[in-house]
Amino acid sequence: MATKTNSLVDRLRTLTVPPIDDVRAGLAGYIGTTAQAGELAAKIERTDDLLNDFVSKPYGWTDDEGSCHHEKSH
């Protein structure tokens, strides 16, 4: 049972905002992390391509055929 209703304005008045330097530091960390994630994703993609070539060539598969076999196995 609710005995009191807080309006949106009341809730906004009690809202606290973090210091800008904390936000700036957190944002810088986030940007660095996403940049690293992008680099890792690119390395993973290159590694996948190399592995696909390594596995496909002994069988004489083209890139399309290798991709087809890879998709079927997943």
Side-chain angles (χ1 to χ4, degrees):
M1 290 191 156
T3 57
K4 180 180 177 186
T5 302
N6 290 330
S7 71
L8 178 59
V9 174
D10 290 336
R11 286 185 271 163
L12 286 172
R13 284 186 181 135
T14 61
L15 183 67
T16 56
V17 180
I20 191 72
D21 289 335
D22 291 351
V23 174
R24 189 175 288 125
L27 182 59
Y30 173 77
I31 290 170
T33 300
T34 55
Q36 288 176 338
E39 292 168 6
L40 287 174
K43 287 180 181 179
I44 290 169
E45 187 173 343
R46 285 193 302 270
T47 302
D48 279 349
D49 290 343
L50 288 171
L51 287 171
N52 287 339
D53 288 346
F54 182 76
V55 171
S56 298
K57 286 187 181 181
Y59 292 102
W61 295 337
T62 65
D63 288 342
D64 289 339
E65 290 171 328
S67 295
C68 182
H69 289 284
H70 179 76
E71 288 173 12
K72 287 180 183 178
S73 68
H74 283 88

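Note: hydrogens, waters and symmetry copies are ignored here, and every other heavy atom, side chains too, is used.
- Val17 belongs to no multi-residue hydrophobic cluster, having no ILVMFWY side-chain contact under 4.5 Å with any other such residue.
- One finds the CD1 atom of Ile44 at 7.5 Å from the CG atom of Asp48 (value rounded to the nearest 0.5 Å).
- With sequence neighbours left out, Thr14 forms a side-chain contact (heavy atoms from CB on, under 4.5 Å) with no residue at all.
- The salt bridge (Lys or Arg N to Asp or Glu O under 4.0 Å) analysis of residues 22-31, with sequence neighbours excluded, yields the pairs Asp21-Arg24.
- Applying the salt bridge (Lys or Arg N to Asp or Glu O under 4.0 Å) test to pairs two or more places apart or on separate chains, none has a residue in residues 34-46.
- Take Thr47 and apply the side-chain hydrogen bond (donor to acceptor under 3.5 Å, both in side chains) test, not counting sequence neighbours, and it matches no residue.
- Scored by the side-chain contact (heavy atoms from CB on, under 4.5 Å) test, Leu12 finds Leu8, Leu15 as partners (sequence neighbours excluded).
- Residues meeting the salt bridge (charged side-chain N to carboxylate O under 4.0 Å, His left out) test with Arg11, sequence neighbours left out: none.
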